[in-house]
Colleague: 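Submitted below is the structure of interest, expressed as C-alpha cells.
Keep in mind the model is a prediction, meaning the values are calculated, not measured. Protein chains get the first letters and strands the later ones, always in sequence-line order, with residue 1 at the start of each.
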Amino acid sequence: MFYDYKQIEKKWQKHWYENNTFAAKDDYTLPKFFALVEFPYPSGQGLHVGHPRSYTALDIVSRKRRLEGYNVLYPMGWDAFGLPTENFAIKNHIHPEIVTEKNVAHFKEQLQALGFSFDWTREINTTDPDYYKWTQWIFLQLFKKGLAYKKEMSVNWCTSCKCVLANEEVVNGVCERCGNEVVHKVKSQWMLKITEYAEKLIDGLDDVNFIERVKTQQKNWIGRSEGTQIKFKTTLGDEFEVFSTRADTLFGVTYMVISPEHPLLEKWADKLSNIDEVRAYQEEAARKSDFERTELAKDKTGVKLEGVAAINPATEQEIPIFVSDYVLISYGTGCVMGVPGHDSRDWAFARKFGVPIIEVVAGGDVEKEAYTDCDTGVMVNSGFLNGMSVDEAKKAIADWLIERGLGSKTVNYKLRDWVFSRQRYWGEPIPIVHCDKCGYVPVPESELPLLLPTVDSYEPTDNGESPLAKMTDWVNTTCPHCGGPAHRETDTMPQWAGSSWYFLRYCDPHNKEALASKEALEYWGPVDWYNGGMEHTTLHLLYSRFWHHFLYDIGIVPTAEPYAKRTSHGMILGENGEKMSKSRGNVVNPDDIVNQYGADTMRLYEMFIGDFEKAAPWSSSSIKGCKRFLDRVWALNDMVVDGDDYSAELESDFHRTIQKVTSDIEELKMNTAIAALMSLLNGIYAKKNVTRGELKTFITLLNPFAPHLTEEMWVMNGYDGMLNETKWPVFDEAKCVVASIEIVAQINGKIKAKLNVPAEITAPDAIALAKADAAVAAAMEGKTVIKELYVPGKLVNIVVK
RNA sequence: GCCGAUGUGGUGGAAUAGGCAGACACAAGGGACUUAAAAUCCCUCGUUGGCGACAACGUACCGGUUCAAGUCCGGUCAUCGGCACCA
C-alpha cells in the first residue's frame, strides 16, 4: 500500500500539537533531561535548511530519552528583537511588532511541518513585555552591583546601520551584519563589565562538557596572559607603567612607545618641543578606521617625543619615548617597552626609526630579525641575569622589581567590556532615568516592564540617537529618586540581551513573580545538552555564561554554569559546496523538500548527510536514498508474520543494532545509526518476512528519526498504546555475539585466507586451523616461523623468514 | 604570523583501544519486469596487469616505530574555521 506521507504527517502533527503530547511534566521527582537548541531569529526569509540539522539531532535525543523514562524539556521560542525586522519596518512603514508576529507564525508552521517534539506550551518570545520585563530586571541587578555603567568612549560605529557595535560584532573592520565600514566614534554608552568575570569564565570551562574547539575558542577570545607590570621613571620626574610578558628582556629595552590616545601625552604637552607634530599624528591615528588599522598597519609609523625620555630601571640609561598607533590604548596600560632584539614588531619599528637593537637572549641573529624563542635561549648582556634561561630570568627579574617597588605580577585579558547600548528602536528599553541632580537612577522594579512606546518613525537619527529620542512625551519623566524633572535613557539593548537568559524562562515561562521559580530552576537547571552553531561561541555563548555566573552570584540560579554540555553542528552548504546564500543562488528551501519527500525523509537525510560536526554539501540525489529506505520500511507492513521473538537468523543482528543505535544517538553519530538500521532492514528483506516482535523493535529504533511514519505503522499493526509512550528497546550483551566468526589468516601481515571459526576458539586452535589452510601452507613453504599470533575475533598472523 | 580542525573511490561518507580499508548510501554501467517511461527488483562498481583462479599497488606527500599503520611519532604540502600590532 502506498505511503501517503502528506496526509499521515499532517495527521500526527495535529495530534501531537492538540494533545500537548511532548509537554514536559511538572513532576519534579522524575529524572529530568533539558535539551536546548538555539531559538531562531524569525526573519522574513523563513527557516533555513541549517536550522533543522540542529533541531532534528536534539529532537532525536529527546525522543529517545522520553522512551527511556526521562521527563524531557525540549522547548522552542523566538529571538525576535533585531535589526532586519526594524529595517523591514522602516522600508515598508509597518510596525515591527506586526512584522514579528507574521514571521513567527510562518516559522512556527515550518517547524511543526518537520514534526519536532517541542513543548509548545512553553513557547517564549523575547519581544513579549512579560518576557522582556525580566531582561530589564536582570539589567537592573547588574546596574545595582556596579556591573552596568555608562562611559564616554570610542565605540565601533557602523555607518550603514547607524548604530554602535560590540567588539564581537566587528569582523575584519567591517560590520558583521551588513558588511559596511566601521569607524570610531566617541559616544556615551552603557557597558557591562564582562571583564570582571574573565577569570570565572575561563575557570568554569573546566567544569563543563563542551567540545574542545568551543573551549579553546572561548579561551583565546578571553585571551588571558600573565606578565609583569613595570614602572618606568621619566626625565620629567614622573613615572608610568607598562605590561610585559617578557620582563626577562628588560636589559634589552631601548625605547618606549605609548598609544596616541594615552592621557600622559596631555600631561606632557607643554614640555614637548614637537607637540604640533605629535598632535598631527594623534589626529591621523584617530581618523583611521578599523579596516585601515588592521589591513594597512603592518608598516610602522610614529613620532619621537622631544623633551621627555624614560629611564630603564635595569640599566638606568635614558631611552627615547615614541608615540605610535601599534600600541593599543585598550590593552594593558597603553604603553609598551620596546625590545627590538626579541619582538618582531619592536624590531621593525626600531629598524625604521634607527633605535639601537641589543641582544639579551643568545641564540639568534638580532641584526637579521628578532629572536623570539623562549625555550632554548640563554640570557646575555643582562647584568645579574646572564647565563640564566628565559624562564629563570623571568622569575629573577620579577622578584628584583618587586623588591624595589618597581613592579608587580599582573594578568591581562584581551576581553573588553561589553558595549550594551544600541541607538535603535526594536530592542528592550534600558530601564534607567537620568536626573541632573541624582545622576543615573534605575526605574523601580515595580514599574517593569518599561514598555517600548509606539513611534511614528523607526528611522535612526543621523546624530546617532535612537528614534526613541524624538518621543519627548516618553523621554521626559520624573526622577524616581527625587521627583524632579528627568529624562529616560533612549538607547535600547542589543539583540544578545534577550538570548542571554532565555533558557531559564523555559523552566517556568508563565511566572509573574520571578523570571522563574526557584523550584523550577533547581529542578531543570543546568541545561543538560545545548547544541548550536560555532558562530555563537564568542558572542551568545560567552554572554549567556557571563549572565548566568552573575545570576548565580546573586543567588537566583543554582549553578554557576548554565550548560552542562555543548555540542556544535556543521553548516549545510549548497550543492556546489559553497555557503548557501541568495546571491549564490544555491539556497534549498525546507518547504520544498517537505513537500516533495516529506518531513521524515528530510529529517533522515539531514542526519545521514555526514559527520554531524562537519560542514556538508546538500545533495538533491542523495536524499532519494533516504526516501527509498522509508518506502522499504513502509513495505514491511505487507511482510509481517506472527511471533513476538526475533527470528534465529536475525537475533544477534537485532541486539547489535539496538546497542549501536542506542550509543550512536548519544554521540550524535546519527549517520552510522541510520546505516545500521539500513543494514538491518536489508537483513529483514533477505529473510522475506518480519515477525511482530522484530517490527516492533525496528520501528521503535527508527521512531526518533522518522516519527510520523513509525507512529502510523505502530497503530496500523495494532501494538498497545502509542509508540511515543512505549519503552526504548534493550539489548542483551550475550546475544550480540555470534557463534561463528570469520577471521583472516596472514603471513607477514598479508592476507592469505579467510576462515570460519567458532567465536570461542583458542589461540593455538586458531593458529593450527590457519596453518591447515592450503594458501597459508603454500606461503609458508620452505620458510622458518619466527612468530605466531592470534588477535581474538580478528586474525592470525604468522611471521616467517 | 598564532590557535584549532581536516585531507580516504566518480560523490557523501564508514572503519571502539594499531588488526580484512572503502560499511551504509548516491551516481554510473548491465540485466529483469513493462507497449514505453517512471517506480521496483537483481548484478557489477578503488587503480593497474591478466582470458583466468590471481598478482601488484592504494587512505595528501616524505620518512620512522611495529608481526601489523587511514589510525601512533617526526617533517612537508594543501584546504577550512577562529584570532590577528594583545606587548
Side-chain angles (χ1 to χ4, degrees), chain A residues 2 171-172 211-221 223-225 227-228 242-247 249 257 259 293-295 297-300 324-328 330-339 342-346 348-349 372 412-416 534-535 537-538 570-571 577 605 608-611 613-626 628-629 631-632 635 660 663 667 669 671-682 685 742-751 753-754 775 786-801:
Chain A
F2 174 62
V171 176
N172 295 327
I211 50 172
E212 219 40 52
R213 59 199 171 121
V214 168
K215 285 191 184 183
T216 47
Q217 242 181 69
Q218 289 213 344
K219 276 183 197 157
N220 289 346
W221 186 263
R224 186 192 144 97
S225 76
T228 314
V242 302
F243 173 74
S244 176
T245 54
R246 290 295 305 274
T249 61
V257 196
S259 153
R293 269 211 173 187
T294 52
E295 293 302 308
K298 304 301 171 197
D299 189 31
K300 301 278 180 287
S324 173
D325 67 0
Y326 87 86
V327 175
L328 310 173
S330 48
Y331 184 77
T333 64
C335 310
V336 303
M337 57 187 216
V339 189
H342 306 284
D343 180 288
S344 47
R345 293 154 306 181
D346 296 347
F349 188 87
T372 54
N412 262 306
Y413 300 93
K414 285 195 217 175
L415 185 70
R416 310 287 152 78
M534 282 306 288
E535 70 275 18
T537 303
T538 52
M571 248 192 295
Y605 174 61
F608 190 60
I609 196 167
D611 186 329
E613 289 202 355
K614 284 195 212 141
W618 185 269
S619 162
S620 48
S621 54
S622 277
I623 193 170
K624 287 180 195 153
C626 293
R628 213 169 280 163
F629 168 68
D631 285 340
R632 276 158 60 88
K660 178 147 185 68
S663 60
E667 292 163 45
K669 287 159 80 176
N671 52 342
T672 50
I674 294 166
L677 288 168
M678 286 173 167
S679 292
L680 184 58
L681 185 69
N682 290 342
Y685 265 75
E742 191 184 71
I743 63 168
V744 296
Q746 299 178 333
I747 298 297
N748 292 344
K750 292 208 184 266
I751 296 158
K754 299 188 176 186
I786 294 176
K787 198 171 179 179
E788 298 171 330
L789 48 135
Y790 172 63
V791 182
K794 304 280 185 191
L795 52 78
V796 170
N797 189 15
I798 300 168
V799 185
V800 298
K801 215 159 101 182

Colleague: Does A/Lys750 put a side-chain nitrogen or oxygen below 4.0 Å from OP1 or OP2 of B/rC57?
Modeller: yes
Colleague: Which letters describe nucleotides 21-31 of chain B, given B = protein heavy atom under 4.0 Å from base, S = only from sugar-phosphate, - = neither?
Modeller: S-BBSSS----
Colleague: Under 3.5 Å, side-chain donor or acceptor atoms of residues 671-680 of chain A against the rest of the protein: list the pairs with distances, not counting sequence neighbours.
Modeller:
unit_1   : atom_1 : unit_2   : atom_2 : d
A/Thr672 : OG1    : A/Asp664 : OD2    : 2.8
A/Thr672 : OG1    : A/Lys669 : O      : 3.0
A/Ser679 : OG     : A/Ala675 : O      : 3.2

Colleague: Quick one: is the NZ or CZ of A/Lys300 closer than 6.0 Å to the six-membered ring centre of A/Tyr326, and within 45° of its axis?
Modeller: yes
Colleague: Provide, to the nearest angstrom, the distance between the CD1 atom belonging to A/Ile609 and the P atom belonging to B/rU11.
Modeller: 16 Å
Colleague: Are any non-hydrogen side-chain atoms of A/Thr537 and A/Gln218 less than 4.5 angstrom apart?
Modeller: yes
Colleague: P atom, B/rU47 versus B/rA53: distance in rounded Å?
Modeller: 16 Å
Colleague: Name the closest nucleotide to the A/Pro617 side chain, picking from B/rG13, B/rG4, B/rC83.
Modeller: B/rG13
Colleague: B/rG70 and B/rG81: how far apart are their P atoms, nearest whole angstrom?
Modeller: 30 Å
Colleague: Using the P atom as the reference point in each nucleotide, state the distance between B/rC80 and B/rC20 in Å, no decimals.
Modeller: 34 Å
Colleague: Which whole-number value in Å describes the distance from A/Leu789 CG to B/rG19 P?
Modeller: 14 Å
Colleague: Take the protein atom CG of A/Asn797 and the nucleotide atom P of B/rG18, then report the distance between them rounded to whole Å.
Modeller: 17 Å
Colleague: Aromatic rings A/Tyr331 and A/Phe243: how do their planes relate, parallel, tilted or perpendicular, breaks at 30° and 60°?
Modeller: perpendicular
Colleague: Could you tell me whether the side chain of A/Arg246 reaches within less than 4.5 Å of the side chain of A/Asp343, counting heavy atoms only?
Modeller: no
Colleague: Choosing from B/rG19, B/rC83, B/rA87, which nucleotide comes nearest the side chain of A/Lys414?
Modeller: B/rC83
Colleague: Anything below 3.5 Å on both distances counts as a pair; with that, list the stems of at least three consecutive Watson-Crick or G-U pairs involving RNA chain B.
Modeller: B:1-7 with B:77-83, B:10-12 with B:24-26, B:28-32 with B:40-44, B:46-49 with B:54-57, B:60-64 with B:72-76
Colleague: Which value, in whole Å, describes the distance between the P atoms of nucleotides B/rG58 and B/rU40?
Modeller: 39 Å
Colleague: Select one nucleotide: of B/rA15, B/rC67, B/rA87, the one nearest the side-chain heavy atoms of A/Val336.
Modeller: B/rA87
Colleague: Can you check the A/Leu795 CG to B/rA69 P distance for me, whole Å?
Modeller: 12 Å
Colleague: Between A/Arg416 and A/Tyr605, who's closer to the 5' end of RNA chain B by nearest nucleotide?
Modeller: A/Tyr605
Colleague: Please report, rounded to the nearest Å, how far the P atom of B/rC20 is from the OH atom of A/Tyr790.
Modeller: 14 Å
Colleague: In whole angstrom, give me the gap between the C1' atoms of B/rC54 and B/rG63.
Modeller: 32 Å
Colleague: Which nucleotide, B/rG19, B/rC3, B/rC85, lies nearest any side-chain atom of A/Val791?
Modeller: B/rG19
Colleague: What is the distance, rounded to the nearest whole Å, between atom OH of A/Tyr326 and atom C1' of B/rG1?
Modeller: 16 Å
Colleague: Pick the P atom in B/rC57 and in B/rC42, then give their distance to the nearest Å.
Modeller: 36 Å
Colleague: Compare the minimum distances between each of B/rG82, B/rC67, B/rC20 and the side chain of A/Lys787, then state the nucleotide with the smallest one.
Modeller: B/rC67
Colleague: Using atom C1' in both nucleotides, what's the gap between B/rA84 and B/rA23 to the nearest angstrom?
Modeller: 43 Å
Colleague: Given side chains that start at C-beta, do those of A/Lys414 and A/Asn220 come closer than 4.5 Å, heavy atoms only?
Modeller: no
Colleague: Round to the nearest Å and state the distance from A/Ile798 atom CD1 to B/rA68 atom C1'.
Modeller: 14 Å
Colleague: So which one's nearest nucleotide on RNA chain B is more toward 5', A/Lys660 or A/Lys754?
Modeller: A/Lys660
Colleague: At under 4.0 Å between heavy atoms, what does A/Ser225 touch on the DNA or RNA strands: base, sugar-phosphate, or nothing?
Modeller: sugar-phosphate
Colleague: Under the ring pair (Phe, Tyr, Trp, His ring centres under 6.0 Å) test, which residues partner A/Tyr790, sequence neighbours left out?
Modeller: none
Colleague: In terms of base orientation, is B/rG9 syn or anti, with the syn window spanning 90° either side of 0?
Modeller: syn
Colleague: Indicate, with a heavy-atom threshold strictly under 4.0 Å, whether A/Asn412 touches base, sugar-phosphate, or nothing.
Modeller: nothing
Colleague: Hey, does the side chain of A/Asn797 reach the backbone of A/Leu789 with a donor-acceptor pair shorter than 3.5 angstrom?
Modeller: no
Colleague: What pairs of residues pass the salt bridge (Lys or Arg N to Asp or Glu O under 4.0 Å) test when at least one of them lies in residues 790-799 of chain A, not counting sequence neighbours?
Modeller: none
Colleague: When the distance from CG of A/Asn748 to P of B/rA69 is rounded to whole Å, what number comes out?
Modeller: 11 Å
Colleague: Taking the same atom, C1', in B/rA37 and in B/rG46, what whole-Å distance lies between them?
Modeller: 34 Å
Colleague: To the nearest 0.5 Å, what is the distance between CD on A/Glu613 and CE on A/Met534?
Modeller: 8.5 Å
Colleague: Quick one: list whatever passes side-chain hydrogen bond (donor to acceptor under 3.5 Å, both in side chains) with A/Trp618, sequence neighbours left out.
Modeller: none
